[in-house]
2 protein chains.
Amino acid sequence: MIASERMLSKLDLLVELTDKERTAVQALPFRISRQPAKADIVREGDWPSSSFIILEGFVATSKNTGEGARAITALHVPGDMPDLMSLHLPEMDCDVRAITNCVLAFVEHDQLRTLCREYPRLLHGLWKGTLIEAAVYRESVVNIGHRSALARLAHFFCEMMIRTNANQRKARAHFPLPLTQTDLADITGMSTVHVNRSLQSLRATNAISYDQGQVIIHRWEELLSMADFNPAYLHLPEEALTIGTDGHLKSLAPKGGA
Amino acid sequence: MIASERMLSKLDLLVELTDKERTAVQALPFRISRQPAKADIVREGDWPSSSFIILEGFVATSKNTGEGARAITALHVPGDMPDLMSLHLPEMDCDVRAITNCVLAFVEHDQLRTLCREYPRLLHGLWKGTLIEAAVYRESVVNIGHRSALARLAHFFCEMMIRTNANQRKARAHFPLPLTQTDLADITGMSTVHVNRSLQSLRATNAISYDQGQVIIHRWEELLSMADFNPAYLHLPEEALTIGTDGHLKSLAPKGGA
DNA sequence: CGTCGTATTGAAATCCTTCAATACGAGTGG
DNA sequence: CCACTCGTATTGAAGGATTTCAATACGACG
């Protein structure tokens, strides 16, 4: 996939674009870079002069605790720009690592700044993207701090189901999520042993399968309720929340108004 | 304190401003509103047409879990704009509540949008502010997910020490933090009983006192190490991290480079 | 064919929650 | 002024969720 296309389809979830704005994004000079699984892309303390958009693969932002444990603060999927914050925060406060093999497209900050200066709506879109990222963090704080191990995992799967499918035409009840149980532990703040056991309980409900890095959702409604999941915090347009039907998934419109 | 002054001193921590930009901020039409403790300021699901800056008091953003528990995702101090995200995310994904009595200054979104259009550097500053908020969430995810109860509390006190003092000339080792233990429980994701006990352990180290909503830090270095705290994620300028000396606090410059 | 990372399982230890009771101060109405 | 209530802080004890330690299994890879 071409970098500008990926960036445009992400921006389409955030703002309405004119042809002129699309052309401006297409004119951005991207530098494609392939990274193997586990590669450090950016490190805490770095002062990047460019940011990247993920074309393929999974990327995590993580921080190390004093005891040497690695905490994954967020998992990023194709279309995300995990280190966009460096456009305004000069020094990185977290590591950015490739979880799987991945393909990234880098753009110089200067290019992005020029783009933002000339096309305020694109700036608006990028800002909005970072605000949604913050909303995801907010939900993470709730998830990790206030839900049981089982619910935490279920919630994570729900979120990934939506986010990895957000720019597809047809969302599928079957999607790749090639994480180790150690990754899941670092994401959810639990031990690998307990991830293993909770995963077994989760499978035992028959709501979901998770093998070989492939998630298959069998009973979406049940998974939602186990996870206490409401997709509103993802701030996706209605279309992106209406899950297509390759399996037996229905719509995801939040229930009832404010 | 005048609203525009508060906003300017916050912005001064984020970007360098020209006199013209200062004047533009001073010209903003603020609407002052007093809120009693526990008042709902904005609710999940609302579509606000204005945002506010805190002049006095503490405000929390919170979400309710399915089991009816209230999770506080962030605590905001004077100078913060807790619902600024509504400028770009139309629907609120969390509640915003007054923790203490507080004084707020509301500005219409239209006014902010005009300001941003005419003064890109102010826009830059506001965006940067939201990015720092995201960085605080990142650290929260680490704190809640990967540290012990004692460290979690210690970390929270460290953060509040820095953030409440960031716009003072002279930081003090003594500052107000009028929270109930229930609030602390909702913030750190623990039970009130355990907050109570952890607080006692924390006091027993003689690093800190916390009574009557007043924090007194006796041994900053020790508190830092208990908390595994590094202020880099707050992205404050050097000056704001150099703690003055009313007690016996030293500088806070992060140790060693990347 | 040995090694390494990952998944799985058992058992013991511990952190933390829950339940339950008491204490204390502020505010309210008699 | 007293009795009453309510929110908050504190303590004890029991139970449960999760971690840690330790061992085994399994597949990928060189």
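Naming: A, B, ... by sequence-line order, numbering from 1 per chain.
The backbone N or O of His218(B) sits nowhere less than 3.5 Å from a side-chain atom of Asn206(B) that would complete a donor-acceptor pair.
Dashed line: the shortest gap from a side-chain N or O of Lys38(A) to OP1 or OP2 of dC4(C) is not under 4.0 Å. For Gln200(A), no side-chain nitrogen or oxygen approaches OP1 or OP2 of dA7(C) to under 4.0 Å.
Side-chain atoms of Thr192(B) and Thr182(B) include no donor-acceptor pair closer than 3.5 Å.
One distance of note links CG of Asp183(B) with CZ of Arg97(B); it measures 8.0 Å at 0.5 Å rounding.
Of all the residues in residues 183-199 of chain A, Val193(A), Asn196(A), Arg197(A) reach under 4.0 Å from DNA chain C with at least one non-hydrogen atom.
Put simply, CG on Leu150(A) is 13 Å from C1' on dT18(D), counting in whole angstrom units. Between Leu202(B) atom CG and dA9(D) atom P the separation is 15 Å, expressed in whole Å. Nucleotide dA17(D) holds its P atom 16 Å from the CG atom of Leu153(A), rounded to whole Å. Taking atom NE2 on His146(A) and atom P on dT18(C), their separation rounds to 12 Å, with Å as the unit. What separates CZ of Arg152(A) from C1' of dT19(D) is a distance of 12 Å, to the nearest Å. As a whole-Å value, the separation of Leu179(A) CG from dG5(C) P is 18 Å. For the pair Ile144(B) CD1 and dC16(C) P, the interatomic distance rounds to 13 Å; values are reported in whole Å. The interatomic distance linking Gln212(B) (CD) with dT8(D) (C1') rounds to 12 Å, in whole Å.
Set against dT10(D), dC16(C), dA9(D), the side chain of Arg203(B) has dT10(D) as its closest nucleotide.
In summary, the aromatic rings of Tyr137(A) and Tyr137(B) are positioned with their centroids too far apart to meet the 6.0 Å limit. A centroid separation of less than 6.0 Å is found between the aromatic rings of Tyr210(B) and Phe157(B).
Other residues, nucleotides and ligands place more than 12 heavy atoms under 6.0 Å from the CD atom of Gln200(B).
Ring-plane geometry between Phe229(A) and His155(A) is classed as perpendicular, the angle between the planes exceeding 60 degrees on a 0 to 90 degree scale with a lower cut at 30.
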